[in-house]
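Here the structure is laid out as structure tokens; the discussion comes afterwards.
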Amino acid sequence: MTTAKPLNLTPRAYSRREKTILRQDVKRFQKIGRDHGVIAFDDYAYFVIDRVKRDESGQLTQKSFTLLRGLISYFGEELLYETTLARLATDLTVTGDDPLLWERQWGDTPGRLLVDRFAGQTVMVADIIHSRVFANDQWPIALDEIFDQIIDWNQGYLIRDEVETPWVIGNDIEPEDYLAA
């Protein structure tokens, strides 16, 4: 029987390098959208799925990792515009002797976590994208639908249990009266 190793996320400031990586990744995906006529997040996910490659040891190639990191950055960037969430830079550590594969693959991914500290809401963007791109389910829920659900949850129109992803954590809030139609 194996036990899961606890993850520790330590907040910190973004480095200039990480900010540059985020901007470049977002710009790259905006260009992909223009060049390939991609509009929906699921189209972006299929674009990434079709191009992901692994090396002999089963790890993602550097180009595949960069492409996946770009989708994470782009999805997070779009969430920033539609919600009260903000990016939080963290250092990820796993307690125990053997680090998890997730840490080795995603440990240096800037923009993987969005939070609203005042509302107590957290969205783990890297995990949402990872579960969509590497889904075992033949018909996973569309990223566009998850995106809309996260926005509605952040604004108080949905409760946490109605958001169809386990990577959204936190408090439900009351909807703002002036936002109601």
message = What's the separation between atom CZ in F75 and atom CG in L79, rounded to the nearest 0.5 Å?
response = 5.0 Å

inquiry  = With rounding to the nearest 0.5 angstrom, report the CG to CG distance, L88 to L113.
reply    = 5.0 Å

inquiry  = For L22 versus S73, what's the shortest heavy-atom pair and its separation?
reply    = CD2-OG, 3.5 Å

Under the side-chain contact (heavy atoms from CB on, under 4.5 Å) test, residues paired with E82 that sit two or more places apart = F147, I151

key: Straight-line distance of L71 CG to L143 CG, nearest 0.5 Å   = 6.5 Å

task = Would you mind listing every salt bridge (charged side-chain N to carboxylate O under 4.0 Å, His left out) that reaches into residues 147-163, with sequence neighbours excluded?
result = none

request  = Would you indicate whether the side-chain heavy atoms of L67 and F47 approach each other to under 4.5 Å?
outcome  = yes

key: Between CZ on residue R87 and CG on residue L80, distance to nearest 0.5 Å   = 5.0 Å

request  = Give every residue pair that meets the side-chain hydrogen bond (donor to acceptor under 3.5 Å, both in side chains) criterion with at least one member in residues 31-44, sequence neighbours excluded.
outcome  = K31-D35, D42-R132

request  = Could I get the full list of side-chain contact (heavy atoms from CB on, under 4.5 Å) partners for N171, not counting sequence neighbours?
outcome  = none

request  = Please name all residues satisfying side-chain hydrogen bond (donor to acceptor under 3.5 Å, both in side chains) with T84, sequence neighbours left out, ordered by chain then number.
outcome  = D116, N154

ask   = Pick from I173, V168, I169: which one makes a side chain to side chain contact (heavy atoms under 4.5 Å, CB included) with Q121?
value = I173

note = Sorted by chain and residue number, the side-chain contact (heavy atoms from CB on, under 4.5 Å) partners of Q62 (sequence neighbours excluded) come out as F65, T66

query = Taking only residues two or more places apart in sequence, or in another chain, which ones meet D172 in a side-chain hydrogen bond (donor to acceptor under 3.5 Å, both in side chains)?
reply = W153

key: Partner residues of K53 under the side-chain contact (heavy atoms from CB on, under 4.5 Å) criterion, sequence neighbours left out   = T61, S64

ask   = Measuring from Y74:OH to I32:CD1, what's the distance to the nearest 0.5 Å?
value = 10.0 Å

task = Working to the nearest 0.5 Å, report the span between CD of E78 and CD1 of I150.
result = 13.0 Å

inquiry  = Tell me whether E18 contacts the main-chain N or O of S15 through its side chain, where contact means a donor paired with an acceptor under 3.5 Å.
reply    = yes

inquiry  = Going by the rule side-chain hydrogen bond (donor to acceptor under 3.5 Å, both in side chains), which residues pair with Q149 if we only count those two or more places apart in sequence or in a different chain?
reply    = E164

task = Treat each ILVMFWY residue as a node, draw an edge where side-chain heavy atoms are under 4.5 Å apart, and state whether I159 and W167 are in one component.
result = no

task = Output all residues satisfying side-chain hydrogen bond (donor to acceptor under 3.5 Å, both in side chains) with T165, sequence neighbours left out; order by chain, then residue number.
result = none

